[in-house]
Amino acid sequence: MALLHRAQLHPGKLELLADWLPGRRWYQGSAPAHVVRVASFRFDDPDGAVGIETMLVRSGDGPVHQVPLSYRAGPLPGGDDWLIGTTAHSVLGRRWVYDACGDPVYAGVLAGAIVTGGGQAEEFFEVDGVRELREPSMTVTGSGTPGSIVPSVHVIRRVVEDDGRTTIVTDAVELAVARRPGAGDDGLTGATLTATWPGQPTPLPLAYAVPR
């Protein structure tokens, strides 16, 4: 379960991405980027410390891009290369926003969702002490089997960014994140996380996992 706040962000997520996206080698679109949200989903951090949200965005007539984000209350040790920016959250205070492909918490929960056949977290707003379910804007499903042993990710060894994917090599599993879902998946194998969203009724792979 992901508990959300009705809060103001300054700058907003899309504002941060508008400055950051044009510098990515896998980005295809206008520069400066005019970012719009297509859909999104969240994973739970088992320890409850890190917010984990994957956004599907596009700029102009460009393709849909997948941008996993992690939100932290302080800097990620060794994560300077993955910092997108900081934002002032009207409830939680200052938040550090990272490209989650460099965050070991994201790698662990992504691997878990894939190998166990899991999906996204249910999202709730808490209003006057009452929790209200937020309807999902997309659906994700892992190809694995419930009850499977989840790789225990402790550290990211390296991250490789290619034209259409980002490969995350950890101490327990190797993950590939499709930056432009439906493109650049040639040669990728392993268990998958697939997704559907409005306008995309056929499941597309978002990520792949191969144990190490």
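Start at 1 with the first residue, then count along the sequence.
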Original post:
Taking S30 for the side chain and A33 for the main chain, is one N or O donor matched with an acceptor at less than 3.5 Å?
Top reply: no
Original post:
Okay, side chain of T170, backbone of A172: is any donor-acceptor separation there less than 3.5 Å?
Top reply: yes
**OP:** Kindly give the heavy-atom pair with the smallest separation between V173 and A209, and that separation in Å.
**Re:** CG2-CB, 4.1 Å
Original post:
Is D45 reaching over with its side chain to a backbone N or O of D47, donor-acceptor style, under 3.5 angstrom?
Top reply: yes
**OP:** Supply the members, apart from W20, of the Ile/Leu/Val/Met/Phe/Trp/Tyr cluster built from side-chain contacts under 4.5 Å; use none for a lone residue.
**Re:** L14, L16, L17, L21, W26, Y27, V35, M55, V57, V67, L69, Y71, I84, V97
**OP:** Specify the closest pair of heavy atoms between P68 and V177, including all atoms of both residues, with the distance to one decimal.
**Re:** CG-CG1, 4.2 Å
Original post:
Is V115 reachable from I156 through a run of hydrophobic residues whose side-chain heavy atoms are each under 4.5 Å from the next?
Top reply: no
**OP:** Spell out, as yes or no, whether a donor-acceptor pair under 3.5 Å connects the side chain of E174 to the backbone of T167.
**Re:** no
Subject >> T196 side chain near M138 side chain, heavy-atom distance below 4.5 Å >> reply: no
Original post:
Who passes side-chain contact (heavy atoms from CB on, under 4.5 Å) against V155, sequence neighbours left out?
Top reply: R157, D171
Original post:
What's the shortest heavy-atom distance between P75 and Y98, and which atoms?
Top reply: CA-OH, 3.2 Å
**OP:** List in chain and number order the residues that pass side-chain contact (heavy atoms from CB on, under 4.5 Å) with D19, two or more places apart in sequence or in another chain; answer none if no residue qualifies.
**Re:** none
Original post:
Once you round to the nearest 0.5 Å, how far does OH of Y208 lie from CD1 of I168?
Top reply: 14.5 Å
Original post:
Do NZ/NE/NH1/NH2 and the carboxylate oxygens of R42 and E53 come within less than 4.0 Å?
Top reply: yes
**OP:** Grab the two heavy atoms, one from A195 and one from V140, that are nearest each other, plus how far apart they are.
**Re:** CB-CG1, 3.7 Å
Original post:
L76 and I52: same hydrophobic cluster, using ILVMFWY side-chain contacts below 4.5 Å?
Top reply: yes
Original post:
Is it true that L204 and I114 fall in one hydrophobic cluster, defined by side-chain heavy atoms closer than 4.5 Å?
Top reply: yes
Original post:
Does G12 offer a backbone N or O that forms a donor-acceptor pair with the side chain of E15 under 3.5 Å?
Top reply: yes
Original post:
Where the side chain of T87 meets the backbone of P11, is there a donor-acceptor pair that is under 3.5 Å apart?
Top reply: yes
Subject >> Rounded distance [0.5 Å steps], CG in L83 versus CG in D103 >> reply: 11.5 Å
Original post:
Does any N or O in the side chain of D44 come within less than 3.5 Å of the main-chain N or O of P46, such that one atom is a donor and the other an acceptor?
Top reply: no
Original post:
Of all residues at least two apart in sequence or in a different chain, which pass the ring-ring contact (aromatic ring centres under 6.0 Å, His included) check with Y106?
Top reply: none
Subject >> Donor-acceptor under 3.5 Å (D99 side chain, C101 main chain) >> reply: yes
**OP:** Using the test side-chain contact (heavy atoms from CB on, under 4.5 Å), find all partners of P63 that sit at least two apart in sequence or belong to another chain.
**Re:** Q28, H65, R180
Original post:
Are V150 and V50 connected in the hydrophobic side-chain network, where two residues link if heavy atoms are under 4.5 Å apart?
Top reply: no
Original post:
Out of curiosity, does V210 fall in the hydrophobic cluster containing V169 (side-chain heavy atoms, cut-off under 4.5 Å, transitive links)?
Top reply: no
Original post:
How would you list all residue pairs meeting side chain to side chain donor-acceptor pair (under 3.5 Å) that involve residues 135-144, not counting sequence neighbours?
Top reply: R37-S137
**OP:** List the atom of F43, the atom of A121, and the distance in Å for their closest heavy-atom pair.
**Re:** C-CB, 4.2 Å
Subject >> Pairwise side-chain contact, P104 with H154, heavy-atom cut-off 4.5 Å (strictly under) >> reply: no
**OP:** Could you pull out the closest heavy-atom pair between V153 and A107, with the gap in Å?
**Re:** CG1-CB, 4.2 Å
Subject >> Heavy-atom donor-acceptor pair, Q66 side chain to A178 backbone, under 3.5 Å >> reply: yes
Subject >> N/O donor-acceptor pair under 3.5 Å between R58 side chain and V38 backbone >> reply: no
